[in-house]
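Keep in mind that the numbers below use all heavy atoms, side chains included, and drop hydrogens, waters and symmetry copies. Since the structure is predicted, the reported quantities are computational estimates derived from the model, not experimental observations. Order of listing sets the numbers, starting from 1, for every ligand and every atom in it.
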Amino acid sequence: MPPFDRNFYSIGSVRIERLNIFAQATSLGTYMSHVAPKFKLFNTLTRQKEDLQTITPGKVGMYTCGPTVYDYPHIGNFRAFVFEDLLKRWLQFRGFQVTHVMNLTDVDDKTIKGSQTQAKPLREYTNFFANAFFQDIKVLNIEPATVYPRATDHIPEMVSIIKTLLQKGIAYCGEDGSVYFAVSKFPKYGKLSHISVQELKVGARVSQDEYAKEEAQDFALWKAWTPEDGDVYWETELGKGRPGWHIECSAMSMKYLGETFDIHCGGVDNMFPHHENEIAQSEAATGKTFVNYWMHNEHLLVEGKKMAKRLGNFYTLRDLLSKGLDPLAIRYLLLSTHYRQQFNFTFEGLEAAKSAIERLTNFLRRLKDANGKGGSRKVNELTEKVEGCFGEAMDDDLNVSVALASLFDFVRDVNNLLDANELSREEGTMVSKLISNLDKVLGVIPKPQEEALPAEAQVLIEQREEARKIKDWKTADAARAQLKAMGIAIEDTAQGIRWKRIRA
Ligand code: AMP
Ligand code: ZN
């Protein structure tokens with residue numbers, strides 16, 4: 001029998017190289033405990049988990065429905081954006097080059113109404129909320145998309161698709177001058193949302209952008225101008241008017257990703273009618289499959305009900321930040337429940353998220369002090385285990401709760417090694433790198449500079465040092481107690497004074 005080689009495995013006589021996704025993370029001689037991982041995702045189209053097979057090997061084209069820039073998004077909306085960020089980061093971690101397109105819906109019923117209420121031109125009004133959105137995603141450590149197309153910059157692309165649909169006889173002009181999509185002409189209508197097409201009333205029309213399944217009928221592609229639209233209109237070959245919401249996403253996604261692309265995401269509320277109508281328009285126009293994988297996140301709830309503007313049960317990110325809450329704890333909370341499960345937003349949940357992040361930052365700080373003998377087999381076993389478990393869980397349709405559980409098991413076990421002074425300095429550095437590498441996916445650990453010791457605490461530490469030098473234990477203890485009240489614990493180590501955050 002040939003000698004066992006860690007870097008290869010065999011099927012029959014074939015030797016296959018193991019994929020070491022954590023190669024940059026550690027030089028502890030670790031390797032993937034499973035082979036050539038395949039990312040499985042739940043495809044709403046088939047209601048099944050499927051292996052991701054991209055159109056171009058190694059590349060992913062991904063479209064995510066972006067914000068309607070008529071107001072500040074609430075944190076329910078951010079649940080969708082954080083899930084999409086996690087998905088993108090995981091794909092990148094697995095080596096895919098991701099082209100991510102996120103649109104800004106800057107013309108629809110809501111933006112028009114908002115601009116009129118504030119008596120501002122539409123662009124000025126939506127610019128304000130678009131900028132607020134960009135600030136918010138930065139605070140939540142959401143990586144920027146490759147491109148953020150705005151609907152109002154893509155009217156010719158929308159007109160072109162609508163003209164094709166008119167030429168093919170799939171769209172028609174209503175007596176109100178608007179152009180409608182004839183649902184009865186697209187036999188696959190309902191394939192995503194599983195709506196029963198028999199229930200459709202032929203020729204019945206809906207002009208507003210949002211409606212319920214029960215009301216499904218021909219929908220507006222182009223809306224003829226009405227006095228309520230004020231100065232928001234485009235003079236086009238389709239007449240004076242503006243686009244419907246659904247055509248916006250078809251036009252922008254296909255422009256940047258092609259007529260068929262890999263992944264389209266959004267919240268479950270977007271599945272019908274928005275995504276169903278995107279499929280109908282796009283596939284009827286091109287004759288090709290529009291999207292291969294549809295992924296939908298479940299809702300963030302408040303006391304069992306969807307967090308939504310119209311229900312008034314929402315918090316914006318700014319509401320939470322003004323209460324002094326930590327944005328990375330909000331991010332952690334939003335991503336730590338599997339994206340296909342609903343969950344209730346609570347302040348207790350946010351506290352738990354904050355503690356989880358503190359456990360990670362305190363662990364990283366402790367690793368800096370590792371000074372043991374090292375060389376124990378244990379640390380190799382633990383790193384291999386966490387690499388395998390974390391990767392397997394994330395490859396299983398982003399099973400983040402299992403991935404996080406494996407990470408915290410690892411933290412506990414390595415903490416035990418640190419307690420027993422078994423970790424060498426070099427091993428401590430390697431483990432830190434591994435944690436930082438996994439955080440490229442999670443994005444929840446604050447950057448070191450954000451974790452700077454507050455100036456007030458710095459002064460107290462110096463006072464304590466001075467007091468200790470002259471054996472003034474009373475003053476030294478008082479300084480330590482004051483630091484504790486600020487939520488900071490200090491430790492005297494061989495390398496000097498170390499501090500960590502604790503519950504005050
Ligand atoms: P909108 O700005 O309304 O178009 O929504 C932006 C994204 O947020 C869409 O993908 C919605 O499906 C999603 N969304 C809206 N409300 C929630 C919620 N309560 N929980 C999770 N996602 C939501
Ligand atoms: Zn959309």
Side-chain angles (χ1 to χ4, degrees), residues 44 62-87 100-111 113-114 126 129-130 132-134 136-137 140 142 145 148-151 154 158 192-193 209-210 219 243-257 261 263-282 290-291 294-317 330-331 333-335 337-345 349:
T44 312
M62 165 171 156
Y63 185 85
T64 59
C65 287
T68 307
V69 281
Y70 76 108
D71 202 347
Y72 297 109
H74 56 68
I75 54 159
N77 300 128
F78 283 117
R79 181 177 190 200
F81 305 140
V82 166
F83 144 64
E84 292 153 358
D85 185 49
L86 184 70
L87 171 66
H100 175 201
V101 181
M102 177 181 269
N103 72 298
L104 301 182
T105 302
D106 64 349
V107 55
D108 77 327
D109 301 348
K110 290 186 271 197
T111 46
K113 197 157 165 243
T126 56
F129 290 108
F133 168 72
F134 290 129
D136 285 0
I137 56 171
L140 283 175
I142 292 176
Y148 289 101
R150 299 177 70 128
H154 295 79
M158 298 172 204
L192 181 73
S193 60
D209 289 327
E210 292 178 79
F219 57 90
W245 171 38
H246 317 300
I247 196 73
E248 297 181 5
C249 282
S250 287
M252 289 184 274
S253 57
M254 291 199 286
K255 170 163 182 182
Y256 294 96
L257 296 169
F261 58 92
I263 302 179
H264 192 315
C265 302
V268 281
D269 55 313
N270 278 173
M271 198 194 303
F272 188 90
H274 187 47
H275 294 162
E276 194 69 66
N277 291 353
E278 274 187 53
I279 294 176
Q281 302 154 160
S282 311
F290 175 45
V291 171
W294 286 88
M295 295 179 79
H296 290 99
N297 64 277
E298 256 302 345
H299 285 143
L300 179 68
L301 310 179
V302 179
E303 289 169 1
K305 289 209 178 80
K306 176 191 170 190
M307 182 179 284
K309 284 268 159 67
R310 89 196 136 74
L311 298 177
N313 61 352
F314 66 91
Y315 291 100
T316 64
L317 179 63
I330 299 168
R331 178 183 170 89
L333 179 73
L334 294 177
L335 66 68
T337 296
H338 188 265
Y339 75 92
R340 285 191 290 112
Q341 265 174 22
Q342 298 183 331
F343 79 95
N344 272 304
F345 170 79

Exercise for the section: Assess H274: does it contribute an N, O or S atom lying under 2.8 Å from the Zn ion (ligand 2)? Expected result: yes

Practice task
Decide, counting backbone as well as side-chain atoms, whether H275 has an N, O or S atom less than 2.8 Å from the Zn ion (ligand 2).
Solution key: no

Could you tell me whether ligand 1 has any atom less than 4.0 Å away from a heavy atom of [X]?
X    : value
A308 : no
H296 : no
F78  : no

So do [Y] and [X] actually touch side chain to side chain, heavy atoms under 4.5 Å?
X    : Y    : answer
L192 : T44  : yes
S253 : F261 : yes
F343 : L300 : yes

Quick one: does [X]'s side chain have a donor or acceptor within less than 3.5 Å of a partner on [Y]'s backbone?
X    : Y    : answer
R79  : E298 : yes
D71  : F129 : no
N103 : P149 : no
S250 : E278 : yes

Which protein heavy atom lies closest to [atom], and at what distance to 0.1 Å?
atom                    : answer
atom 20 (N) of ligand 1 : L300 N, 2.8 Å
atom 10 (O) of ligand 1 : G267 N, 3.0 Å
atom 15 (C) of ligand 1 : N77 ND2, 3.2 Å
atom 11 (C) of ligand 1 : D269 OD1, 3.5 Å
atom 19 (N) of ligand 1 : M307 O, 2.9 Å
atom 18 (C) of ligand 1 : H299 CD2, 3.4 Å

For ligand 1, which atoms have a heavy atom of [X] less than 4.0 angstrom away?
X    : result
G266 : 10 (O)
T68  : 1 (P), 2 (O), 4 (O)
P67  : 2 (O)
G76  : 17 (C), 18 (C), 19 (N), 20 (N), 21 (C), 22 (N), 23 (C)
N270 : 9 (C), 10 (O), 11 (C), 12 (O)

Problem - Proximity of F133 and F81 rings by center, below 6.0 Å - result: yes

Practice task
Determine, using ring centers only, whether H74 and F345 are less than 6.0 Å apart.
Solution key: no

Problem - Flag for E84-H100: side-chain donor and acceptor within less than 3.5 Å - result: no

Practice task
Can you measure from CG (L317) to CZ (F78) and round to the nearest 0.5 angstrom?
Solution key: 5.5 Å

Exercise for the section: Compute the angle centred on the Zn ion (ligand 2) spanning SG of C65 and SG of C249, and express it rounded to 10 degrees. Expected result: 130°

Practice task
Anything under 30° is parallel, anything over 60° is perpendicular, the rest tilted; go ahead and classify H296 against H275.
Solution key: tilted

Handout entry: For ligand 1, the portion of N297 having any non-hydrogen atom under 4.0 Å away
Key = side chain

Problem - Part of E298 within contact of ligand 1 (heavy atoms, under 4.0 Å) - result: backbone

